[in-house]
Amino acid sequence: MRHALAILFFLTLTSQLPARNKAVLIGIANYPDTSGWQKLSSRNDIQLLKNTFPPDWEIRILEDEKATRNGIVSLLESIAEHTRPGDTVFIHFSGHGQQMIPIEDNGSEPDFLDEALVPFDALQQYTPSYHGENHLRDDEFASLVTKIRSKAGRQGFVMVSLDACHSDSMQKGEDDSAPSNEIIYRGSAEIFGKNVTEKDIKKRYTRDTSRITATDKADVVFLSACQAHSQNQEIKIDDTGYGSLSYAMARALEQHGFSNMDTLLNKVVFAMDQLVPYQYPGIRTSFNYQRPKLNKKSARPVPAQQPATARNRLCPIIATSLLFCLTLTAIALWKKKRHR
């Protein structure tokens with residue numbers, strides 16, 4: 001009887017504990033040279049975002065060699081374990097992202113591909129000894145977020161911000177050495193897998209736009225820097241590199257915080273349209289949200305991975321030569337006609 005009363009007292013006490021605000025900031029800037037991944041400006045993202053949260057927020061940071069697959073999973077599981085009803089949890093990832101051939105093709109993926117976050121210990125390419133074990137696939141990541149939502153309950157709120165390539169659909173489941181004019185993408189256009197076919201590449205453009213259900217869980221927002229099939233470009237502000245979504249999110253949080261989610265999301269959308277007009281951020285929510293309409297610009301970045309070919313270099317030379325010949329011919333005809 002005493003034991004039952006003690007449990008009842010404890011449950012009554014914990015149910016009255018005030019809700020808390022938590023931020024999880026994960027950033028990987030210095031991937032190992034042997035991984036095949038380019039270095040990023042993620043450290044700047046984490047510092048920028050950290051400074052936007054009020055003092056009452058509990059902030060957990062995981063960077064570089066600590067942000068391995070096991071490190072990220074362990075941190076999110078710990079957050080879930082210690083989340084209470086009514087808590088607000090913000091999860092941010094700055095790093096590479098990649099699409100992958102699913103382990104099992106059961107038809108659950110609209111594009112027949114997995115989207116994955118790239119931890120510190122994940123390699124870019126499939127090898128005989130690495131089959132993607134350290135990638136964090138969408139299904140597993142979504143499961144970790146769902147645990148946090150379940151603990152936060154209907155009075156809580158969870159927001160996930162993913163500043164990586166191919167980061168849309170994740171709800172289912174400073175590089176000083178780089179030239180200043182080099183475009184840095186947060187991921188690879190290459191699909192990870194042993195046997196990637198042209199059919200797989202074509203399917204990557206199929207998009208899932210389903211709503212996320214809330215039921216007895218906390219409302220959630222999954223905000224991604226770009227669509228599942230797209231690449232996410234870094235930006236430079238005053239010669240300092242940032243992820244576009246990280247920068248837009250930090251500016252929006254400084255002005256609005258989490259007081260009004262529609263206002264916050266609109267601010268991020270408008271900022272992204274100014275910073276990277278050729279990207280289309282992914283936004284999925286468990287509540288009604290209407291994305292503002294934008295006059296999308298036609299600008300497109302020039303891919304750094306495509307150096308000028310011999311044919312491309314010859315085209316201007318040929319055009320100039322033809323123009324010169326035509327000019328000489330016109331002058332000769334004019335002189336001939338004049339002497340008649």
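Atoms CD and CG, from E115 and L117 in turn, are 10.0 Å apart once rounded to the nearest 0.5 Å. A distance of 5.0 Å separates CE of M261 from CE of M159, quoted to the nearest 0.5 Å. With values rounded to the nearest 0.5 angstrom, I237 atom CD1 is found 8.0 Å from Y242 atom OH. The OH atom of Y130 sits 10.0 Å away from the OG atom of S35 when rounded to the nearest 0.5 Å. If you take OG1 on T263 and CD on Q255, they are separated by 11.0 Å, rounding to the nearest 0.5 Å. Remark: T146 OG1 to K151 NZ distance equals 14.0 Å, nearest 0.5 Å.
Y289 and N266 share a side-chain donor-acceptor pair at under 3.5 Å. Using a 3.5 Å distance cut-off with no hydrogens or angles, the side chains of Y278 and Q233 do pair a donor with an acceptor. Side-chain polar atoms of S246 and D45 form a donor-acceptor pair below 3.5 angstrom. Checking T240 against N44 by side-chain atom types alone, no donor-acceptor pair falls below 3.5 Å.
L223 has its side chain within reach of L265: a pair of non-hydrogen atoms, C-beta onward, lies under 4.5 Å apart. Looking at heavy atoms from C-beta onward, K22 lies out of side-chain contact with T88 at the 4.5 angstrom threshold. Residues H92 and V24 have side chains not in contact (no heavy-atom distance under 4.5 Å, counting atoms from C-beta outward). A 4.5 Å side-chain heavy-atom check between M249 and L49 finds at least one atom pair inside the cut-off. Using a 4.5 Å heavy-atom threshold, the side chains of V89 and I79 count as touching. Residues R154 and K217 have side chains not in contact (no heavy-atom distance under 4.5 Å, counting atoms from C-beta outward). Contact check for I283 versus V269: side-chain heavy atoms found under the 4.5 Å cut-off. P281 is listed as a side-chain neighbour of R291, based on a closest heavy-atom distance under 4.5 Å.
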Given Y31 and Q124, is the side chain to side chain donor-acceptor pair (under 3.5 Å) satisfied, shown in steps?
CA-CA 11 Å; Y31 285 86; Q124 185 181 43; over 6 Å; no

From CA spacing to verdict: side chain to side chain contact (heavy atoms under 4.5 Å, CB included), N21, D87
CA-CA 6 Å; N21 299 320; D87 283 359; over 6 Å; no

Carefully, step by step, assess N30 and R43 under the rule side chain to side chain contact (heavy atoms under 4.5 Å, CB included).
CA-CA 9 Å; N30 300 304; R43 187 164 295 175; 3.5 Å; yes

Check the pair I28 / L40 against side chain to side chain contact (heavy atoms under 4.5 Å, CB included), numbers first and verdict last.
CA-CA 7 Å; I28 308 170; L40 301 175; over 6 Å; no

Would V145 and V160 satisfy side chain to side chain contact (heavy atoms under 4.5 Å, CB included), going step by step from the backbone distance to the final call?
CA-CA 8 Å; V145 174; V160 180; 4.0 Å; yes

With salt bridge (Lys or Arg N to Asp or Glu O under 4.0 Å) as the test, would you mind laying out the steps for R149 and D219 before giving the verdict?
CA-CA 7 Å; R149 292 178 60 204; D219 274 321; 5.8 Å; no

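Using cut-offs of 30° and 60° for the angle between ring planes, the F53 and F258 rings count as parallel.
A salt bridge links E254 with R251: the distance from a Lys NZ or Arg NE/NH1/NH2 to an Asp or Glu carboxylate oxygen falls below 4.0 Å. For D56 and R20, the salt-bridge test fails: no basic side-chain N is under 4.0 Å from an acidic carboxylate O. One finds a salt bridge joining D33 and K39 here, because a Lys/Arg side-chain nitrogen approaches an Asp/Glu carboxylate oxygen to under 4.0 Å.
Taking every heavy atom of both residues into account, T68 and P119 meet most closely at C-CB, 3.7 Å. Minimum heavy-atom separation, A29 to D64: N-OD1, 2.8 Å. The two residues W37 and L123 come nearest to each other via the heavy atoms NE1-C, 3.5 Å. Of all the heavy atoms in S78 and R60, the pair that sits closest is OG-NH1, 4.2 Å. The two residues F270 and P292 make their nearest non-hydrogen contact at CZ-CB, 3.7 Å. Contact between S224 and L245 at its shortest, heavy atoms only, is C-CD2, 3.9 Å.
Taking the ring centre of F120 as origin, the terminal cationic atom of R69 falls outside the region bounded by 6.0 Å and 45° from the ring axis.
The closest donor-acceptor contact from the side chain of S143 to the backbone of D139 lies at 3.5 Å or more, if one exists at all. Checking side-chain atoms of S42 against main-chain N and O of S94 turns up a donor-acceptor pair under 3.5 Å. With hydrogens and angles disregarded, a donor-acceptor distance shorter than 3.5 Å links the side chain of S286 to the backbone of V220.
For Q290, the CD atom is loosely surrounded, since the number of other residues' heavy atoms within 6.0 Å does not exceed 12.
Take E77 and apply the side chain to side chain contact (heavy atoms under 4.5 Å, CB included) test, not counting sequence neighbours, and it matches V73, L144, K147.
If you look at F90 and F157, their ring centroids are not closer than 6.0 Å.
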